[in-house]
Amino acid sequence: MIDFQELAEKYKTPLYVYDFEYMKQQYQMLKSAFKARKSLLAYAVKANSNLSVIQQFASLGGGADCVSIGEVRRALLAGIEPYKIIFSGVGKQDDEITEAISSDILYINAESMAELERIELLARNMNKPCRISVRVNPNIDPKTHPYISTGLSANKFGVDINTAKRMYIFAKNSSYLEPVGIHFHIGSQLTDLEPITEAAIIVADLVRSLHVIDIDIKFFDAGGGLGVVYDQENTISPHDYAQAVLSALKGLDVTVVCEPGRFLTANAGYFVTKVLYEKVNEQKRFIIVDGAMNDLLRPSLYGAFHMVSTVGGKGEKSRADVVGPVCESGDFLAKDCMLPPLKHNQLLVIHSAGAYGFGMGSNYNTRPRSAEVAVQGDVNWLIRRRETFEDLIVLEKDYLRS
Ligand SMILES: *Cc1c(COP(=O)(O)O)cnc(C)c1O
């Protein structure tokens with residue numbers, strides 16, 4: 001049990017707390033589900049890009065899936081080996097591509113023909129061949145929230161099967177492109193196995209048809225997206241997930257890559273905030289806390305549910321909205337949750353905050369971002385200090401006119 005009271009006294013609030021032991025267990029559970037084949041778990045850095053979090057996965061042998069050159073730099077800095085780094089994303093810029101090529105990462109994931117041509121040109125200019133994969137959009141409904149669905153033709157990600165084929169042929173015919181991988185990622189927070197199974201079958205068939213024309217894919221990258229429990233969802237077990245991917249691969253000599261983000265970190269993380277005030281009107285009970293949408297955006301952005309628990313606190317529970325100090329009606333961390341009477345400075349713990357939490361944060365309303373703390377067993381340590389007002393103005397203050 002994590003002693004949130006002690007952590008809040010030591011590091012103040014609002015505070016992000018990550019259980020590094022839990023991250024390790026999740027990593028190992030998924031890794032062992034793929035044990036029938038060579039596999040690479042490339043942690044999706046965007047889920048939680050704190051250097052110490054990435055380092056935790058580096059120490060377990062993990063790779064990194066990055067969606068900007070900044071994330072690639074973070075991964076390298078945290079000790080991920082270059083040959084375990086993948087660079088994805090629909091809009092890579094020239095200098096990002098060039099840097100990725102010189103860093104000798106595992107491959108760049110091309111998301112359009114135009115981008116592949118750009119990669120080719122840049123590699124040619126550098127006189128350094130580039131390993132690539134193509135992100136295939138299998139046009140499958142992942143049955144998740146529309147904002148986090150990525151594998152439909154209506155989404156901006158990847159290319160259709162025929163375009164993918166043309167891209168592989170283009171790559172094969174260039175001495176500056178080495179097509180080594182194939183990739184799909186149909187969405188996030190997937191709780192239904194069927195779309196993954198279907199997508200894996202479609203993409204594995206494409207691998208077979210590429211083989212016929214002498215294009216040998218070595219890495220079969222099934223993306224991320226494995227769902228987690230926020231509320232009472234039924235989720236997919238790592239074993240079933242792995243089996244769905246592995247069974248599509250019969251007869252193929254490929255290394256399986258997957259890119260879990262949320263699965264590794266979401267339920268390792270807690271957002272700790274303290275009660276400032278209570279306010280009751282004819283309709284509602286509001287708990288006003290010191291954390292806000294600029295710290296944890298998911299409730300405001302997606303209407304995401306996060307479980308809330310109290311540290312101490314007894315008495316009859318009643319329905320309340322947990323809201324922050326930010327000047328937006330959309331600033332809430334939880335709606336209609338049953339909470340006991342709460343005192344000034346009492347702690348609330350927002351659960352499942354380890355993925356897409358801190359990273360989506362901002363300084364809106366000139367609010368310094370929270371500190372981040374790691375916990376493992378009975379030790380805890382700071383992994384990002386709390387921002388100060390000075391941090392927030394440092395890029396502006398020298399430009400004031402005298
Ligand atoms: C976001 C993303 C992931 C990780 O998604 P999770 O749902 O956090 O597992 C993996 N791969 C790609 C390409 C992504 O964009």
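Throughout, numbering of the chain's residues begins at 1 and tracks the sequence. Read the numbers this way: they start at 1 and go in the same order the structure lists the ligands and their atoms.
- Close N/O approach between K46 and ligand 1 is found [any backbone or side-chain N/O within under 3.5 Å].
- A side-chain N or O of S370 and one of D295 form a donor-acceptor pair less than 3.5 Å apart.
- Side chains of Y18 and N50: no donor on one and acceptor on the other come within 3.5 Å.
- Residues D95 and T98 bring no donor and acceptor atom of their side chains to less than 3.5 Å of each other.
- Distances between N or O atoms of S188 and those of ligand 1 include at least one value under 3.5 Å.
- Atoms of ligand 1 lying under 4.0 Å from any heavy atom of R135, numbered from 1 in the order shown and given with element: 13 (C).
- Using modelled atom types and a 3.5 Å distance limit, the side chains of N267 and H351 yield no donor-acceptor pair.
- The protein heavy atom nearest to atom 10 (C) of ligand 1 is E259 O, 3.2 Å.
- Residue nearest to atom 6 (P) of ligand 1, selected from A47, G227, S88, G225: G225 (by heavy-atom distance).
- Remark: K335 is positioned above the aromatic ring of F332, its terminal NZ or CZ atom under 6.0 angstrom from the ring centre and at most 45 degrees off the axis.
- Atom 8 (O) of ligand 1 has Y356 OH, 2.6 Å as its closest protein atom, hydrogens excluded (heavy atom only).
- Of the polar atoms of P260, none of the N or O atoms is found under 3.5 Å from an N or O of ligand 1, judged by distance alone.
- Side-chain contact annotation: R135 with S88, donor-acceptor N/O pair under 3.5 Å absent.
- Distances between N or O atoms of L226 and those of ligand 1 include no value under 3.5 Å.
- The cationic atom of K92 (NZ for Lys, CZ for Arg) lies less than 6.0 Å from the six-membered ring centre of F87 and within 45° of the ring axis.
- Ligand 1 has no N or O atom lying under 3.5 Å from any N or O atom of H183, backbone or side chain.
- Atoms of ligand 1 found under 4.0 Å from any heavy atom of G261, numbered from 1 in the order shown, are 6 (P), 8 (O), 9 (O).
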